[in-house]
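Down below is the structure, laid out as structure tokens.
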There are 2 protein chains.
Amino acid sequence: MDFDPAEAFGAQSAIRTLRLLRLLGEAGTEGASLAALVRQSGLSKPTCRRLLIALIEEGMAVQDPTTRLYSLGREIYLLGMVAADRYGIHRVALDSVTRLAQKTGDAAFLQVRHGEEVVCLAREDGTFPLRSHVLKAGDRHLLGAGAGPLALLAALPEAEAESYLATHARALAERYPALVPLLPGLVREARERGYSLNRGILFPGSWGMAMAIRGPSGGVEACLSLAAVESRMQPDREPELAALLAAEVQLVEQRLARESGPPTPLTSPTRTRNLP
Amino acid sequence: MDFDPAEAFGAQSAIRTLRLLRLLGEAGTEGASLAALVRQSGLSKPTCRRLLIALIEEGMAVQDPTTRLYSLGREIYLLGMVAADRYGIHRVALDSVTRLAQKTGDAAFLQVRHGEEVVCLAREDGTFPLRSHVLKAGDRHLLGAGAGPLALLAALPEAEAESYLATHARALAERYPALVPLLPGLVREARERGYSLNRGILFPGSWGMAMAIRGPSGGVEACLSLAAVESRMQPDREPELAALLAAEVQLVEQRLARESGPPTPLTSPTRTRNLP
DNA sequence: AACGATAGGTCCACGATATGGACTTCAATA
DNA sequence: TATTGAAGTCCATATCGTGGACCTATCGTT
């Protein structure tokens with residue numbers, strides 16, 4: 001993360017604290033070690049630790065006394081549930097994830113777009129014993145990187161997708177070197193098919209499939225996805241999986257439409273500074 | 001809130017930022033004005049504003065451009081969903097809230113205990129036109145203050161409840177003056193009946209009823225509750241409402257038991273400093 | 001339309017506060 | 001029992017955050 005000094009505006013440690021919080025989110029249920037957080041945050045060890053203590057004292061983080069790993073605290077859950085009134089999609093989508101996992105036997109996910117990132121909100125495992133553990137709740141990837149992010153990218157208006165690719169080519173190439181040359185083709189494929197397919201591009205042998213969820217206003221903010229080992233996502237099973245995805249996506253879309261009495265505000269998180 | 005300087009340990013502004021975040025949580029969906037946040041936090045206006053900007057830049061808060069009110073941002077929702085893997089009760093309890101609201105026609109709530117506080121996680125309104133708006137998602141009250149908090153207090157082991165009352169008498173008296181003398185009686189009543197009843201003690205005319213949810217390990221962490229205008233909670237309707245509550249509580253408890261393959265860690269959020 | 005009152009927002013000199021290099025402690029591996 | 005790597009802590013220093021003072025916008029009132 002490392003700080004661009006320009007973005008510190010008298011709130012350095014506030015920003016640092018909040019970024020740490022986000023890193024804890026990415027660490028998910030397992031948690032993260034102090035060393036890992038130091039590395040990822042670019043902070044010094046004492047600073048990192050001090051901020052973690054503050055997070056812990058406020059209930060926003062916890063440290064496992066035996067493993068010493070840090071993870072999100074209950075306070076964050078409580079706040080998140082309050083925020084869910086506004087941003088929530090889980091109420092209409094979580095049980096679809098569960099059903100997908102049950103019916104397919106593989107891992108199913110709910111992912112949402114958040115600016116240029118795609119965040120995995122929920123993962124549910126099926127019963128099949130060979131499982132891909134490449135994606136878990138809290139993981140974040142750039143649009144396009146993985147089946148879910150690919151579905152979301154492909155569902156964007158073409159102009160928007162183009163400009164995203166142009167703007168983020170560098171970042172994509174850095175984080176996912178193998179991906180960039182393939183992306184335009186994958187996006188086209190996904191558009192034609194109606195769902196995306198990731199044939200082990202990011203992690204060999206880990207395949208994925210995803211379909212975007214369109215909100216009542218037409219915007220795309222989330223997707224359902226599946227992940228499995230290569231052998232479980234061959235052409236023979238593809239239509240079956242796609243049909244299951246399609247059915248659940250349709251269900252979620254209906255539920256979204258029904259409850260959109262008060263239309264969800266979906267404004268971008270970027271802020272324009274008030275100028276003098 | 002105001003700061004006990006002793007608790008600042010080189011993380012003043014981190015703590016301040018996180019407390020602000022919590023205040024935003026309490027403000028719920030409506031949001032809070034800068035002035036309100038300044039008042040509640042005890043911070044100076046510039047400091048408050050600066051920290052809010054930091055929160056906004058990190059996506060953890062948003063400001064409505066027309067009303068200028070601040071509220072929780074989408075990032076908090078995302079983090080909360082990740083934390084839900086660990087602390088979540090909503091997956092097994094939210095639809096009970098919905099059903100209660102539908103069947104009773106009144107407002108139904110899910111509240112959880114968090115240390116000495118009880119946080120309202122969700123509110124769902126029924127169709128009856130006279131509604132109590134005394135409680136909304138994000139609101140926090142001390143154990144004992146209101147139907148839900150009362151049910152949770154009454155469900156505690158007797159010794160624990162006693163010691164809580166002893167320790168927090170002052171705080172209770174300060175925030176809820178009318179309540180304290182009545183509390184012991186109310187708690188006893190609730191224990192005998194199996195559910196709590198608040199006959200407009202905190203807000204005249206706003207009545208409430210609640211029943212605690214017991215986890216598989218026997219601990220009590222949450223409750224379902226109902227609120228209505230006085231006339232809708234008279235003895236004639238009481239058994240009916242209590243039965244509905246009991247049915248949903250039982251359902252939630254069953255679901256909790258079923259999914260407790262990996263038993264939910266429910267450790268307290270307080271931290272013991274590592275001593276040299 | 002001029003006024004006062006209330007709230008949102010910002011500036012910047014000062015000093016309290018957060019910083020990180022250096023250190024200690026502990027557990028696991030060799 | 002050395003050795004490595006990670007967790008955790010101390011404290012002198014200067015950087016970063018602070019809040020009094022000020023500006024502006026938007027009301028309701030006369």
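Hydrogens, waters and symmetry mates play no part in the numbers below; they use all other heavy atoms, side chains included.
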**Prompt:** Where the side chain of Ala35(B) is concerned, which of dG8(C), dA18(C), dG8(D) is the nearest nucleotide?
**Reply:** dG8(C)
**Request:** Using whole Å, report how far CD1 of Ile56(B) lies from C1' of dG8(C).
**Result:** 13 Å
**Request:** For Leu55(A) and dA18(C), give me the distance from atom CG to atom C1', rounded to whole Å.
**Result:** 15 Å
**Prompt:** Within the structure, does a side-chain N or O atom of Gln63(A) lie under 4.0 Å from either OP1 or OP2 of dA7(D)?
**Reply:** no
**Prompt:** Does OP1 or OP2 of dT9(D) have a side-chain N or O of Arg49(A) closer than 4.0 Å?
**Reply:** yes
**Prompt:** Looking at the side chain of Ser33(A), which of dC16(D), dA7(D), dT9(D) is the nearest nucleotide?
**Reply:** dA7(D)
**Message:** With a 4.0 Å cutoff (strictly under), does any side-chain N or O of Ser13(A) reach OP1 or OP2 of dG17(D)?
**Reply:** yes
**Request:** Could I get the full list of ring pair (Phe, Tyr, Trp, His ring centres under 6.0 Å) partners for Phe109(A), not counting sequence neighbours?
**Result:** none
**Request:** Mind grabbing the angle between the end helix axes of the helix from dA1(C)-dT30(D) to dA30(C)-dT1(D)? Five pairs an end, 10° rounding.
**Result:** 40°
**Asked** OP1, OP2 of dG9(C) versus side-chain N and O of Tyr70(B): anything below 4.0 Å?
**Response** yes
**Item:** Separation of atom CG in Leu34(A) from atom C1' in dT9(D), rounded to whole Å
**Value:** 12 Å
**Asked** Atom CG of Leu52(A) and atom C1' of dA18(C): how far apart are they, to the nearest Å?
**Response** 15 Å
**Prompt:** What closest approach, in Å, do Gly115(A) and Leu143(A) show between heavy atoms, and which atom pair accounts for it?
**Reply:** O-CD1, 4.3 Å
**Prompt:** Pairs in or reaching into residues 25-38 of chain B: which pass side-chain hydrogen bond (donor to acceptor under 3.5 Å, both in side chains), with residues at least two apart or in two chains?
**Reply:** Asp85(A)-Thr29(B)
**Message:** Whether Gln12(A) contacts dT17(C) is assessed here as follows: a side-chain N or O lying under 4.0 Å from the phosphate OP1 or OP2. Is that the case?
**Reply:** no
Produce the list of close N/O pairs, under 3.5 Å, pairing protein atoms with atoms of nucleotides 19-25 of chain D; give distances to one decimal.
from	atom 1	to	atom 2	distance (Å)
dG19(D)	OP2	Ser44(B)	OG	3.4
dG19(D)	OP2	Thr47(B)	OG1	3.0

**Item:** Pairs involving residues 134-145 of chain B, ordered by first then second residue, that meet side-chain hydrogen bond (donor to acceptor under 3.5 Å, both in side chains) (sequence neighbours left out)
**Value:** Glu75(A)-Arg140(B), Glu117(B)-Arg140(B), Lys136(B)-Asp139(B), His141(B)-Tyr176(B)
**Whole-Å distance separating the CG atom of Leu37(A) from the C1' atom of dA6(D)** = 13 Å
**Asked** Under the side chain to side chain contact (heavy atoms under 4.5 Å, CB included) test, which residues partner Thr67(B), sequence neighbours left out?
**Response** Asp64(B), Leu69(B)
**Item:** Contacts of type salt bridge (Lys or Arg N to Asp or Glu O under 4.0 Å), residue Glu160(A), not counting sequence neighbours
**Value:** Arg113(A)
**Asked** Can you list the residues that meet the ring pair (Phe, Tyr, Trp, His ring centres under 6.0 Å) rule with Tyr70(B), with sequence neighbours excluded?
**Response** none
**Item:** Spacing between Leu51(A) atom CG and dG17(D) atom P, to the nearest angstrom
**Value:** 11 Å
**Request:** Please list all pairs passing the ring-ring contact (aromatic ring centres under 6.0 Å, His included) test where one or both residues lie in residues 17-58 of chain A, with sequence neighbours left out.
**Result:** none
**Asked** Does Tyr164(A) OH have over 12 foreign heavy atoms under 6.0 Å away?
**Response** yes
**Request:** Provide, to the nearest angstrom, the distance between the CD1 atom belonging to Ile53(A) and the P atom belonging to dA18(C).
**Result:** 13 Å
**Request:** Return the nearest nucleotide to the side chain of Arg68(A); candidates are dG8(D), dT18(D), dG8(C).
**Result:** dG8(D)
**Request:** Return yes when atom CD of Glu230(B) has more than 12 non-hydrogen atoms of other residues, nucleotides or ligands closer than 6.0 Å, and no otherwise.
**Result:** yes
